[in-house]
Amino acid sequence: MISIDVIGYLAACLTTSAFIPQAWLTWQRKRAEGVSLGMYVILVIGVCLWLTYGVLLNAWPIILANFVTLLLASFILLMKIIYK
């Protein structure tokens with residue numbers, strides 16, 4: 001039987017790594033016209049709340065996934081603002 005934490009870590013790896021191609025492409029091309037500013041503002045706020053929730057629960061899969069996602073999503077948001 002698979003541990004609940006293993007499922008959490010696997011989900012965290014998959015959902016967090018989904019931001020890597022967008023961050024890489026935006027950085028590489030130095031353009032972000034296909035990125036929605038509103039969506040990333042809402043996403044970053046939501047990820048901050050998920051991270052806070054994970055910290056309050058001391059749930060490491062949630063903490064790690066949302067910390068890395070916050071870095072990647074913030075990077076994309078910052079590039080959207082810079083390249084506007």
Side-chain angles (χ1 to χ4, degrees):
M1 190 162 151
I2 296 178
S3 165
I4 293 172
D5 280 345
V6 171
I7 294 170
Y9 283 113
L10 182 59
C13 287
L14 293 173
T15 57
T16 299
S17 65
F19 286 90
I20 294 171
Q22 182 68 62
W24 177 256
L25 189 65
T26 305
W27 179 75
Q28 187 178 34
R29 292 185 176 176
K30 307 290 189 248
R31 293 188 334 228
E33 69 273 354
V35 173
S36 169
L37 179 63
M39 181 265 191
Y40 270 87
V41 168
I42 293 167
L43 178 70
V44 166
I45 293 168
V47 171
C48 284
L49 292 172
W50 272 113
L51 179 58
T52 302
Y53 178 71
V55 168
L56 292 172
L57 290 178
N58 197 32
W60 282 101
I62 296 172
I63 294 168
L64 293 174
N66 286 287
F67 178 75
V68 175
T69 300
L70 181 59
L71 292 177
L72 291 167
S74 295
F75 179 72
I76 294 167
L77 178 60
L78 182 62
M79 287 192 298
K80 175 64 177 178
I81 293 167
I82 289 171
Y83 298 142
K84 195 165 189 174

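Remember, predicted model here, so these are calculated numbers, not experimental data.
- The neighbour count for Leu56 CG, taken as heavy atoms of other residues, nucleotides or ligands under 6.0 Å away, is above 12.
- Heavy-atom neighbours of Phe67 CZ from other residues, nucleotides or ligands within 6.0 Å: at or below the threshold of 12.
- Among all heavy-atom pairs drawn from Ala12 and Pro61, the shortest one is CB-O, 3.9 Å.
- Taken together through direct or relayed side-chain contacts under 4.5 Å among Ile, Leu, Val, Met, Phe, Trp and Tyr, Trp24 and Leu72 form parts of separate hydrophobic clusters.
- Rounding to the nearest 0.5 Å gives a distance of 9.5 Å between CD1 of Ile45 and CG of Leu77.
- Clustering of Ile, Leu, Val, Met, Phe, Trp and Tyr side chains at separations under 4.5 Å places Leu14 together with Leu10.
- Under the 4.5 Å side-chain heavy-atom criterion for ILVMFWY residues, no single connected hydrophobic cluster contains both Leu37 and Ile42.
- To the nearest 0.5 Å, the span separating OG on Ser74 from NZ on Lys80 amounts to 16.0 Å.
- Considering every non-hydrogen atom in both Met79 and Ala23, the closest pair reads CE-O, 3.6 Å.
- Checked against ring pair (Phe, Tyr, Trp, His ring centres under 6.0 Å), Tyr53 has the following partners two or more places apart in sequence or in another chain: Trp50.
- In the hydrophobic clustering of this structure, Val44 groups with Val41; members are Ile, Leu, Val, Met, Phe, Trp, Tyr whose side-chain heavy atoms approach within less than 4.5 Å, directly or through other members.
- Cluster membership check: Leu78 does not share its hydrophobic cluster with Met39, using side-chain heavy-atom separations under 4.5 Å among Ile, Leu, Val, Met, Phe, Trp and Tyr.
- Residues passing the ring pair (Phe, Tyr, Trp, His ring centres under 6.0 Å) test with Trp60, sequence neighbours excluded: none.
- The structure places CG of Leu70 at 13.0 Å from CD1 of Ile63, a figure rounded to the nearest 0.5 Å.
- Each of Thr15, Val47, Thr16 was checked for a side-chain contact (heavy atoms from CB on, under 4.5 Å) with Val68, and the lone residue meeting it is Thr16.
- Residues Phe19 and Phe75 fail the side-chain proximity criterion, which asks for heavy atoms closer than 4.5 Å.
- One distance of note links CG of Leu43 with OG of Ser36; it measures 10.5 Å at 0.5 Å rounding.
- Interatomic distance, CG of Leu71 versus CG of Asn66, reported as 11.0 Å (0.5 Å rounding).
- Cluster membership check: Ile20 shares its hydrophobic cluster with Val35, using side-chain heavy-atom separations under 4.5 Å among Ile, Leu, Val, Met, Phe, Trp and Tyr.
- Separation of atoms NZ (Lys30) and CG (Leu25) is listed at 11.0 Å; rounding is to 0.5 Å.
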